[in-house]
Amino acid sequence: MKKLNQNELLDQKIAQLTVQHKRELEELKEQFHIVQSSLTSTNIVQEGLNGFYQTVTNKENLVSTIVSVVGGYVSKKVVVGSSDNPIKKVIGNVLQFLVTAYLSKLNLKNQTN
């Protein structure tokens, strides 16, 4: 058996890497087409409607979401009231976000128990 010299070994490695590169490029092109077809406006709207339908059909989840949002809104109204002060408005928005997140976590914890 003939011993391969360094040039022949290098040529073999280059050939192997070229084949691997072509295969990976084809796989990447296939994935691109899959992602491109899933990002059509029809698919995006359909996925959104499916998510909304699942939320509406799960009444417990819907009720806890409504309670969380209303709780946050009420806390904002208590702090801000009818003030036009921009600092109060920012504080009210932050408070609304925090209360909504807290109530959402609390409701989620109660549902799992």
Side-chain angles (χ1 to χ4, degrees):
M1 183 165 196
K2 182 179 153 185
K3 204 175 203 184
L4 298 175
N5 66 23
Q6 293 297 323
N7 288 337
E8 290 172 344
L9 285 173
L10 185 59
D11 288 340
Q12 285 180 354
K13 277 292 193 184
I14 290 172
Q16 288 174 350
L17 289 173
T18 303
V19 169
Q20 179 183 356
H21 179 264
K22 287 180 182 178
R23 185 179 64 243
E24 288 175 354
L25 183 62
E26 287 301 317
E27 290 174 4
L28 185 62
K29 286 179 182 179
E30 289 175 20
Q31 286 297 319
F32 174 76
H33 291 297
I34 291 170
V35 169
Q36 186 180 24
S37 67
S38 70
L39 290 179
T40 61
S41 59
T42 306
N43 286 342
I44 291 172
V45 170
Q46 186 176 10
E47 288 297 320
L49 290 175
N50 285 342
F52 178 75
Y53 177 73
Q54 289 173 354
T55 300
V56 170
T57 55
N58 187 353
K59 302 257 189 248
E60 292 175 7
N61 188 19
L62 182 63
V63 169
S64 68
T65 302
I66 290 172
V67 167
S68 300
V69 170
V70 168
Y73 180 76
V74 168
S75 66
K76 177 183 175 183
K77 280 298 179 183
V78 167
V79 170
V80 176
S82 60
S83 175
D84 289 333
N85 186 342
I87 295 174
K88 271 191 169 183
K89 286 185 178 183
V90 169
I91 292 172
N93 286 335
V94 170
L95 182 66
Q96 179 179 0
F97 175 76
L98 293 174
V99 169
T100 301
Y102 176 74
L103 290 176
S104 180
K105 282 184 183 179
L106 190 65
N107 287 331
L108 186 63
K109 187 184 277 186
N110 287 339
Q111 286 179 1
T112 58
N113 289 336

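If you read the sequence from its start, that first residue is 1, and numbering goes on from there.
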Answer whether the closest heavy-atom distance between the side chains of Gln20 and Arg23 falls below 4.5 Å. yes
Any His21 side-chain heavy atom under 4.5 Å of Leu17 side chain: no
With a sphere of 6.0 Å drawn around CG of Leu28, does it hold more than 12 non-hydrogen atoms of other residues, nucleotides or ligands? yes
With clusters defined by side-chain heavy atoms of hydrophobic residues (ILVMFWY) lying less than 4.5 Å apart, directly or transitively, does [Y] cluster with [X]?
X: Val79; Y: Val99; answer: yes
X: Val70; Y: Tyr73; answer: no
X: Leu103; Y: Leu95; answer: yes
X: Val74; Y: Val94; answer: no

To the nearest 0.5 Å, what is the distance between OG1 (Thr100) and NZ (Lys105)? 12.5 Å
Co-members of Ile14 in a cluster of I, L, V, M, F, W and Y side chains, linked at under 4.5 Å: Leu10
Residues pairing under side chain to side chain donor-acceptor pair (under 3.5 Å) where one sits in residues 74-94, two or more places apart or in two chains, turn out to be Lys76-Asn93
The criterion is side chain to side chain contact (heavy atoms under 4.5 Å, CB included); which residues satisfy it with Gln31, sequence neighbours excluded? Ile34
